[in-house]
Every structure is written in C-alpha cells, then in structure tokens.
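All of these numbers come straight from a predicted model, not from anything done at the bench.
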There are 2 protein chains.
Amino acid sequence: MEETPSCRVETALEILTGKWKPSILLELITHDTLRFSELKRNLPNITQKMLTAQLRELELNDIVHREIYQVVPPRVEYSLTDYGKTLIPVLNAINAWGEKHVEHLAQKDMLQDTTPTLASSTSDSF
Amino acid sequence: MEETPSCRVETALEILTGKWKPSILLELITHDTLRFSELKRNLPNITQKMLTAQLRELELNDIVHREIYQVVPPRVEYSLTDYGKTLIPVLNAINAWGEKHVEHLAQKDMLQDTTPTLASSTSDSF
DNA sequence: CGGAATCCAGCTTGATACTG
DNA sequence: CAGTATCAAGCTGGATTCCG
C-alpha cells in the first residue's frame, strides 16, 4: 500500500526544522567533532539555550552523538552518528534545490522579498 | 571553494516549512489540479485562512499556479508549476529518509515521543 | 565549561465572522 | 465559492540568571 508518499516528509522535516538545526548539522558535517563552546563560537547568533535545545532534539533522534568527558572544566563533544550521516545526501539534495531556486527567482525577476529570512538572518558565517 | 553546502538548505526549507505546505504539495502532486474547495476538503483540519496563506506563499515562490475562472460562483484551480515539479524528487528524498527514520527509531527501541507532532497532528488522512 | 530555569516578545496558527 | 478581516491562543526563540 504505497499510498501517501508525503506523510513521512513531515516527520523528516521536523528533524531539519528549527532555526538552527541546518547550521548545526553543517558544522558537524564539516568539522566532524565539536565541543559545545566551539559550536557556540561558530554559530555566533545562537544562544546557549537554543544550542542546547536543538542538540538535545538531534540527540533524541539519534542524529548526533554526545560524548561527555568527566573532567573539570567539563568537556562535551558533539558529532554526527553514523545514522545522522545518512542525512547528508538529503541535505545536499535540499541544498541543490535551494541553489536552483535562488537562480530561478533571479531569472523570473522575482526580486521581491519572497524569503524574508534572508533579511532577518543576520547570521554571518553561512 | 565548495565551502558551506548548507546555506541554501534554509532557503529551500523555508518553502517546505509551514504546518501545511507538505500536505498541500502532496495533494497537488497526486491530484495535479485541485480547486480551493477540494484542497480544503482533502485537508480537513486546515482553515481557509491558512490554506489561502500557504497557497499564496507557494505561488510567490512560483511553486504553484493559480488559475482564476471569472464565473459565478467563483472557481479557482491550483496546480504545480513546471518549476514546482522539480521539488518532487526532493520531497521523495525527504520522504524516503523519513521512512527510514521511523524504522530506525523502532529498531533503537526509541519508543518515546521524540516527535511530538505525531501526537498533536490529529490530522487524519496523511 | 556546559548547561538548566525563568521570563518574555513576537510570530504563527486557529476560530470566527463577513464579503463579492 | 473563495476568499478577507479581526481577534485570541500557542509556540518559538531570545535575554537573563543561576548552578555543578
């Protein structure tokens, strides 16, 4: 019964959605392993609260691994799980479409602010 | 410089994100062309306001086409644009990952409510 | 250092009513 | 039929403070 091919889209989207999840994932993809403070530093506009919350959600979904070193000062490292790495091709597909979309909007002379986030995301590095 | 492969992910995600966008897209993918009232009927929990708003956004992004028939009573039909159809493989990729994810969670015995939406989405058909 | 807890502003969504 | 307008509720994300 291959009925509704979109139901799981929402399931998957919930994992990727959230203002900072893509950025966090990107960091972990490109840097492999990062400490909490490193993530925080690389994502200058995120608050601890949000970084913690997003990481927890990703951890609950078995996308990221949280390694705690019992030392003082505390040291916690985050990395993608093997399973989390299966998201990479998906993110690439989404990213590729996103690039085409930007071009498409330019071609269509749709220069209006159709994607307000581009304006609000003063986040710099990505 | 294949630096940040995620920047456009957010651009793309904005288009797919929104409580009802995936459902609307699915409807238009599987039914090709639908009237406003048909969409409304197939998405029982959506309000006119939200349906209108989401369709407007998709229209602004050139994902859906809005065809107005000047008759009484009014008749408005929605369909995917050719460009909007380029989203289909992306949605399929996301959906495929979503399916694997559900299986993965089951295997991991992660039977906790990691995706709260499953509880809140009392929407039925999808 | 890596959080947790609290409080709060704003946007998103929903309910309801009205219209051409 | 296909919306628009208005108002209320809820959730998301941000600022701040405190803790082991």
Protein-nucleotide distance (Glu57(B), atom CD; dC11(C), atom P), rounded to Å: 14 Å
Separation of dC11(D) P from Gln54(A) CD (nearest whole Å): 17 Å
Residues Lys40(B), Glu38(B): salt bridge by 4.0 Å N-O rule: no
side-chain N/O Lys19(B) vs dG14(C) OP1/OP2, d < 4.0 Å: yes
Atom pair distance, as rounded to whole Å: CZ in Phe36(A) and C1' in dA4(C): 11 Å
Given DNA chain D, 5'-ward residue of the pair Thr47(A) and Arg41(B), judged by closest heavy atom: Arg41(B)
Distance below 4.0 Å between Tyr78(B) side-chain N/O and dG3(D) OP1 or OP2: yes
Residues Glu99(B) and Thr11(A): side-chain donor-acceptor under 3.5 angstrom: no
Whole angstrom value for the distance that separates P of dA4(C) from CG of Leu55(A): 10 Å
Touch class at under 4.0 angstrom, heavy-atom based, for Arg56(B) against every strand present: sugar-phosphate
Nearest-angstrom distance from the residue atom CD of Glu77(A) to P of dG3(C): 12 Å
Among Asn45(A), Leu51(A), Thr47(A), the one residue meeting side chain to side chain contact (heavy atoms under 4.5 Å, CB included) with Trp20(A): Asn45(A)
Distance test, side-chain N/O of Arg66(B) to OP1/OP2 of dG3(D), below 4.0 Å: yes
Sugar-phosphate only, base, or nothing, as touched by Tyr69(A) at under 4.0 Å among non-hydrogen atoms: nothing
Length of the line joining Met50(B):CE and dT4(D):P, which is rounded to integer Å: 13 Å
dA2(D) OP1/OP2 closer than 4.0 Å to side-chain N/O of Ser37(B): yes
Atom-to-atom span, CD of Gln48(A) to C1' of dC7(C) - whole angstrom: 16 Å
Whole-Å gap separating P (dG3(C)) and CD1 (Ile68(A)): 7 Å
Touch class at under 4.0 angstrom, heavy-atom based, for Pro74(A) against every strand present: base
Phosphate OP1/OP2 of dG2(C): any Arg35(A) side-chain N/O under 4.0 Å: yes
Ring geometry between His104(B) and Tyr83(A) (parallel below 30°, tilted from 30 to 60°, perpendicular above 60°): parallel
Presence of salt bridge, Glu67(A) and Arg75(A), under 4.0 angstrom: no
dG3(D) phosphate, OP1 or OP2, under 4.0 Å from Thr52(B) side-chain N/O: no
